[in-house]
Number of protein chains: 2
Amino acid sequence: MARPTMEDVAARAGVSRALVSLVMRGSPKVSDQRRAAVLKAAEELGYSPHAMARSLASRTSHVLGVMVSDLHNAFFAEVVDGLDAVAAEHGFELILNTGGRSPARERRALRSLLSFRPAGLALLSPVVPTADIGRAAEQTPVVLVARSSRLATVDTVNDDGERGIALAVDHLVSLGHRRIAHLDGGAGSQAAPRRRGYLAAMASHGLTPRVVASEYTDAGGARAVRGLSGDLPTAIVSCNDFNAVGAISALEEAGFRVPRDVSVVGYDNTSLAALRHVSLTTVDQPRNELGRLAATALLQRVRGDRVEPVRHLLHPSLVVRSTTAPPVRPA
Amino acid sequence: MARPTMEDVAARAGVSRALVSLVMRGSPKVSDQRRAAVLKAAEELGYSPHAMARSLASRTSHVLGVMVSDLHNAFFAEVVDGLDAVAAEHGFELILNTGGRSPARERRALRSLLSFRPAGLALLSPVVPTADIGRAAEQTPVVLVARSSRLATVDTVNDDGERGIALAVDHLVSLGHRRIAHLDGGAGSQAAPRRRGYLAAMASHGLTPRVVASEYTDAGGARAVRGLSGDLPTAIVSCNDFNAVGAISALEEAGFRVPRDVSVVGYDNTSLAALRHVSLTTVDQPRNELGRLAATALLQRVRGDRVEPVRHLLHPSLVVRSTTAPPVRPA
DNA sequence: CTCTATTGTTGGAGCGCTCTAAGGCTGTAG
DNA sequence: CTACAGCCTTAGAGCGCTCCAACAATAGAG
């Protein structure tokens, strides 16, 4: 497994190591004849450049560090997918870590990523204190995804949860609903903006808000609905798709039909929502786009195209399916 | 952003660079006094070792390359999660790529990963020709996940799809079913062993098999069920969970109840299946474990603990939920 | 035919680290 | 007081590459 080096290729092609280096980097200042000879020798030896040695010598990196709080979550997987797409387009590689939503483990993961001197660092919904993020940002460009920050040195990419929920509320109002409840995501990430968006949207329509404590799971959604007993709204805006599906099943168990008796809107547009069996009206969060923008932000910094921090707030969109309809009960 | 080097730390601590190196590597042959001095200097300078320089100098790598055919798929995300867990335990980092299920892109991704001279390479359900895999295996240990291979130089980790489907069939037979159909995954990965498992299990019970062409999507499952019209089996074993959910919704649309009229079993135990709203009986594939075993296989090779190839065939298990019940119609 | 460009090529220093072999120091035995 | 183990410590070569300055070779200008 002792792989050939540039020296070997140079010897075989009868040129200097520096010339091989030029060829490998696609320099134009090499005669066609030599280039062909070098390429041939490289091919024969099965040579390919050593990325780490290259990075060390050139003092540049073609690696982006990515810390995912939790890959188990399909949301992040799709963000990473977007990151990878843009990175690959520009010849960058991803080096990936998870923090398991524990500050201590995240701090370790961060240190490890930084030890590779990445060109940039993307942190997906990190839970470490801002101070740690600021420290990392002193070493390399940092972009935060699904976590906002006021740090002047980092870029952020988030979806506009307030606006997303507003879309849901507006949709329900336009259908004729007035008693619209929100199943809240509690301390979950992005639950706060969604709650704010709900309250603001209700206020803008002159309606009385009703926030019901819940969480980001289907069991949570079901529980919240059961707690509603006796005083059912005509529509529910859930904090996410899982919660919405839980709410729907609890409603059906209680003998109500969705959307005839109660309309339900989710959030995230997970693959779950698209299933014909579920067919959930929901708010689409452009996950892949989140990743693409994050990678783009890093690459801009790497190339020095931009110094000022950028704050992307992506516009979510409403996907209307079969769980929403005009109310039949008196509003 | 010019970060301190070992030289800087050495100067500050008043020792040689080599001594700093020893301290950083946790060598025992350093006096406590010097060690403390070095650590203090490093701390003050905010020094942390340069992983790539270290790797180059020591001719060892603490990086595992991972090529995912498609991160979009939650299955792979969980496998990566398992890989990461084991890698992190052993101080290894993951460098990640996707191949987008295109041989050309996968080949490029492979080359790129190899240019980092990783300690090992995990390929998740790759579609490149075996020859390319063999070539990669000449450079570094390779483990294949969710793809089998006869290559004597690579390890493989798969779930035992034949056995998994057999579990499903056995379960249905024990409930009293005799007319059990299989919705086939076509050319999808792992569809073949599942089909084989179905045929073998039916034969072992002396039952007549019925394979219905379908695919790994909910629309596919629905379509297949509609094609069954008039001659409904009492139970269906789907090629995966999505397919099963599609089948269920088509059954319900046609006025049948699950599991009263027809029992349905899925495969994969995705988060979808666990939803109370779906509550699908399914075969659990230990995805995280798949990743953990893959990482472990690579690390064994790296350490030289093992030379012989290993073929892991993980035992799936049946998760019984609410979509299976004894048949009420005549068998 | 000499002088300056221009183009192509090369040696060598150095990126930040590891590792070997050799050297300095201390303490104890002879 | 010398010798010889340890035990720490260090100089220096080198990992595979990039990049700069210098240089050969050819070409065009005077």
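All of these numbers come straight from a predicted model, not from anything done at the bench. Naming: A, B, ... by sequence-line order, numbering from 1 per chain.
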- Task: Side chain of Met6(B) only, please: which of dT18(C), dT9(D), dC15(C) is the nearest?
- Result: dT18(C)
- For Leu56(A) and dC15(D), what is the distance between atoms CG and P respectively, to the nearest whole Å? 14 Å
- Query: Would Arg301(B) and Glu308(B) pass as an ion pair if we require N to O under 4.0 Å?
  - Reply: no
- Pair Arg306(A) + Asp155(A): basic N to acidic O under 4.0 Å: yes
- Item | Asp8(A)/Arg3(A) ion pair, N-O < 4.0 Å | no
- Between dT9(C), dC17(C), dT9(D), which nucleotide has the shortest distance from any of its atoms to the side chain of Arg54(B)? dC17(C)
- How long is the line joining CG of Leu19(A) and P of dT10(C), in whole Å? 5 Å
- Item | Sugar-phosphate, base or nothing in reach of Arg17(A), heavy atoms under 4.0 Å | base
- Query: Ser58(B) has a side chain; which of dC19(C), dC17(C), dT18(D) sits nearest to it?
  - Reply: dC19(C)
- Task: Go through dA11(D), dG11(C), dG16(C) for me and flag the one nearest to the Ala18(B) side chain.
- Result: dA11(D)
- Would you mind telling me which of dT9(C), dC19(D), dC15(D) lies closest to the side-chain atoms of Ala57(B)? dC15(D)
- Message: From CG of Leu45(A) over to P of dG16(D), roughly how many Å is that when rounded to an integer?
- Response: 14 Å
- Message: Using the side-chain heavy atoms of His50(B), tell me which of these nucleotides is nearest: dT9(C), dG12(C), dG16(C).
- Response: dG16(C)
- Measuring from Leu56(A):CG to Arg117(A):CZ, what's the distance to the nearest 0.5 Å? 10.5 Å
- Message: I want to check one thing: is the phosphate of dT9(C), taken as OP1 and OP2, less than 4.0 Å away from some side-chain N or O of Ser16(A)?
- Response: no
- Message: If I take atom CG in residue Asp32(A) and atom C1' in nucleotide dT7(C), what distance separates them, rounded to the nearest angstrom?
- Response: 13 Å
- Message: In this structure, how many angstroms lie between the P atom of dC17(D) and the CG atom of Leu22(A), rounded?
- Response: 14 Å
- Message: Is there a side-chain contact between Arg59(B) and the phosphate of dT18(C), meaning an N or O under 4.0 Å from OP1 or OP2?
- Response: no
- Output yes when at least one side-chain N/O atom of Ser31(B) is less than 4.0 Å from OP1 or OP2 of dC8(D), else no. no
- Message: Rounded to whole Å, how long is the line connecting atom CD of Gln33(A) with atom C1' of dT7(C)?
- Response: 14 Å
- Message: Looking at Arg34(A), I'd like to know whether one of its side-chain N or O atoms comes within less than 4.0 Å of OP1 or OP2 on dG8(C).
- Response: no
- Query: Looking only at side-chain N and O atoms, does Arg117(B) come under 4.0 Å of OP1 or OP2 in dC15(D)?
  - Reply: no
- Nucleotide nearest Val15(A) when distance is taken to its side chain, options dG8(C), dT10(D), dT10(C): dT10(C)
- Any side-chain donor-acceptor pair under 3.5 Å between Ser112(A) and Arg108(A)? no
- Item | Any donor-acceptor N or O pair under 3.5 Å, side chains Ser125(A), Arg147(A) | no
- Message: Using whole Å, what does the distance between atom P of nucleotide dG16(D) and atom CZ of Phe116(B) come to?
- Response: 17 Å
- Query: Whole Å only: how far is the CG atom of Asp8(A) from the P atom of dG16(D)?
  - Reply: 9 Å
- Message: So, OP1 or OP2 of dC17(C): does either fall under 4.0 Å of a side-chain N or O from Ser55(B)?
- Response: no
